[in-house]
Amino acid sequence: MAVLEGARRSTQRRIRTLGRRALGLDAPAADHTIAVLHRDESEVPELDRKEVVQLDRIRLLGATGTVLMAISALGIGAQPVQQNPTSGMRVLGIFARAHTGSLAMCMIGAVAVVLAWLLLGRFAIGNFGGTPRHRLTRSQMDRTLLLWIIPLSVAPPLFSNDVYSYLAQSEIAARGIDPYKEGPVAGLGIDNVLTNNVPTIWRDTPAPYGPLFLWMGRGIAELTGDNIILGVWVHRVLALAGVALIVWALPRLSVRCGVAPVAALWLGAANPLVLFHLVGGVHNDALMIGLMLAGLEFALRGIEDCATFDGRAYAWLIGGALTIALSSSIKITSIIAMGFVGMALARRWGGGLRALLTSAALLGAIALGATLFVSAVSGLGFGWVHTLNTASAVRSWMSLPTAIGVITGFGGVLLGLGDHTTALLSITRPIAATVAAFITVRMLVATWTGRLHPVGALGVSLGAIVLLFPVVQPWYLLWAIVPLAAWATRPVFRLPAVALSAVVSVLQMPRGADLEVFQIVGAAIATVVVCVLFIVLTRNSLPWRAPTGVSARSQPSTAYGVSS
């Protein structure tokens, strides 16, 4: 009996040890696995005269790229099938008749923007392994970002037709029909002008978006009616408001993590994915991310900045929690930020189990109350809960579980075993969801125990969710890149994030024309030739190569703020 009792106790100890190791509780904060992504950055002087001249040229390069893309959108952008304002026009309509030329113009513009963004990185983060000798100021970054955004903000939609689904679903809600039960064809009719602009794959599917977004969309529909151009413009205003919130919140969160605000803005706001897809593509993810980051900043003001947890701290906390809850009423993904706020709050209240339960109860009540309020007052109800999985009908090559399932299924076809892709996806996707859930739990625990800053832990969790999501669109990458830009500074993060952003931005094709292979190849060859010639001609006037001394090794942290 004694031997059996000893074996039982040994097994229990082994299980507890494995559990602590799995949750990251077996190592001190400095040795946490994810902590290698972060290093506090140092303050450095402003750009010298020569670098300011180079900055002006970089700005011009990026602005030229966005202008080329805006012009090309007249031909290969996601123009409406009906009410196309350039249809039949002699001058502006020429772009729609010259698809190859318009595609080449768009591709050249996109590559120019990506190159300008990479060059701007010289003055934001330096080389990936060090700190820049000189860094551009916040005002210089803001002016550059504004200059690059303006052309795309007035152009037709690019790279996505989703905005036309927004218009159709909003009109369904405006007519008093449940958009979570009826798709555009059933709700509006197949001959309706809004239905005709919705991509075929989504014409019979209900809305997958939260009640707050469709509530705002219903107001837009009542304002604009069947005027597609005006409706697109108003939705773009919402997207620009989301980008403005990102620009407001990101530097403030970065200061909390000891990261240079300009470096965070360069990666998280000036990113080509933001320009091309949130601004150019008019995606509601902009508003979701912006509200999520703003809510996180509000909540952390109460948790981290108030010396005593008094009424002012509660006001910031509740305001932040409400803002995050509103962001999740646009897209549900952002609700995960509430968990990290809760863990940070529990740590502030002592870190014990009682503090954790109290925090969870408080924030859970706020999230539930805000969601119930929006769902009830908007009159849209809770049907959105049943349509969250609508997008999984698409098989996205950027989704890791989907790619594994599709490739394995294709291998089965080649081996004569039959096409079992659907069955394989039913296996790979649940496994991926389990892994993402485990990583999220581990990050929550790391925040609760103080091993990771909540901003960084949130970014890592969203990164796992995005990469293991059943469907991954290019702009989904921003769910993780934007918050991580405020915390993760090591080359092990920045290098893949920059490479992925640049490659995906260049590879994404416009959605406004049916292009043949020879047109794509011809436009790609023209883009390569033009870009190579440009680099050769500007090799001495733009910082293509980092001069000696531009980047220095890590220096001690000084005044950027709280270390994570």
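The structure presented is a predicted model; accordingly, all values stated were derived computationally and were not measured.
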Could you check whether any side-chain N or O of [X] sits under 3.5 Å from a backbone N or O of [Y], counting only pairs where one atom can act as donor and the other as acceptor?
X    : Y    : value
R236 : A155 : yes
R539 : V536 : yes
R138 : V262 : no
R59  : Q140 : yes
Y166 : N284 : yes

Inset, instruction - Show your reasoning for whether side chain to side chain contact (heavy atoms under 4.5 Å, CB included) applies to V154 and W233. - result: CA-CA 8 Å; V154 298; W233 270 89; 3.9 Å; yes
Distance in Å, [X] [atom1] paired with [Y] [atom2], rounded so as to fall on 0.5 Å steps:
X    : Y    : atom1 : atom2 : value
D142 : L147 : CG    : CG    : 12.5 Å
L120 : M141 : CG    : CE    : 4.5 Å
L462 : L467 : CG    : CG    : 10.5 Å
M288 : L212 : CE    : CG    : 13.0 Å
I439 : I465 : CD1   : CD1   : 9.0 Å
S329 : I335 : OG    : CD1   : 8.0 Å

Inset, instruction - Over 60° means perpendicular and under 30° means parallel, so classify the ring planes of W479 and Y476, tilted if in between. - result: parallel
For [X] and [Y], work out which heavy atoms get closest and say how close.
X    : Y    : answer
P474 : V504 : CB-CG1, 3.5 Å
V259 : A486 : CG2-O, 3.5 Å
I246 : P251 : O-CD, 4.2 Å
A263 : A124 : CB-O, 3.8 Å
V455 : W487 : CG1-CB, 4.3 Å
A344 : I303 : O-CG2, 3.7 Å

Any side-chain heavy-atom pair from [X] and [Y] closer than 4.5 angstrom?
X    : Y    : result
L253 : L300 : yes
V255 : P261 : yes
L458 : M443 : no
L287 : M216 : yes
R135 : F123 : no
L167 : V232 : yes
V460 : L452 : no
I330 : L291 : yes

ring-ring contact (aromatic ring centres under 6.0 Å, His included) with [X]: which residues, sequence neighbours excluded?
X    : answer
Y164 : none
W448 : none
F534 : none
H283 : W475

Inset, instruction - Could you list all the ring-ring contact (aromatic ring centres under 6.0 Å, His included) pairs where at least one residue sits in residues 54-79, not counting sequence neighbours? - result: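 ring-ring contact (aromatic ring centres under 6.0 Å, His included) check on residues 54-79 returns no pairs.
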Legend entry - Pairs satisfying ring-ring contact (aromatic ring centres under 6.0 Å, His included), at least one member in residues 325-348, at least two apart: none
Would you give me the side-chain donor-acceptor pairs under 3.5 Å for residues 61-71, sequence neighbours excluded?
residue: T64; atom: OG1; partner: L60; partner atom: O; Å: 2.7
residue: T66; atom: OG1; partner: G62; partner atom: O; Å: 3.4
residue: T66; atom: OG1; partner: A63; partner atom: O; Å: 2.9

side-chain contact (heavy atoms from CB on, under 4.5 Å) partners of [X], counting only residues at least two apart:
X    : value
A488 : L37, L484, F493
I525 : V521, V529
R347 : none
A249 : L293

Legend entry - Pair D305 + R312, salt bridge at N-O below 4.0 Å: no
Legend entry - Salt bridge flag under 4.0 Å for residues R122 and E51: no
Inset, instruction - Assess whether side chain to side chain contact (heavy atoms under 4.5 Å, CB included) is satisfied between L345 and F309, documenting all intermediate values. - result: CA-CA 10 Å; L345 178 62; F309 213 89; 3.5 Å; yes
Legend entry - Partner set under salt bridge (Lys or Arg N to Asp or Glu O under 4.0 Å) for R348, not counting sequence neighbours: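 If we apply the salt bridge (Lys or Arg N to Asp or Glu O under 4.0 Å) test to R348, skipping adjacent residues, there are no hits.
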Inset, instruction - Give the C-alpha distance, both sets of side-chain angles, the deciding distance and a yes or no for side chain to side chain contact (heavy atoms under 4.5 Å, CB included) between L363 and L317. - result: CA-CA 9 Å; L363 297 181; L317 174 66; 4.3 Å; yes
Inset, instruction - Show the numbers, then the answer: is there a side chain to side chain contact (heavy atoms under 4.5 Å, CB included) between S505 and W117? - result: CA-CA 12 Å; S505 296; W117 177 63; over 6 Å; no
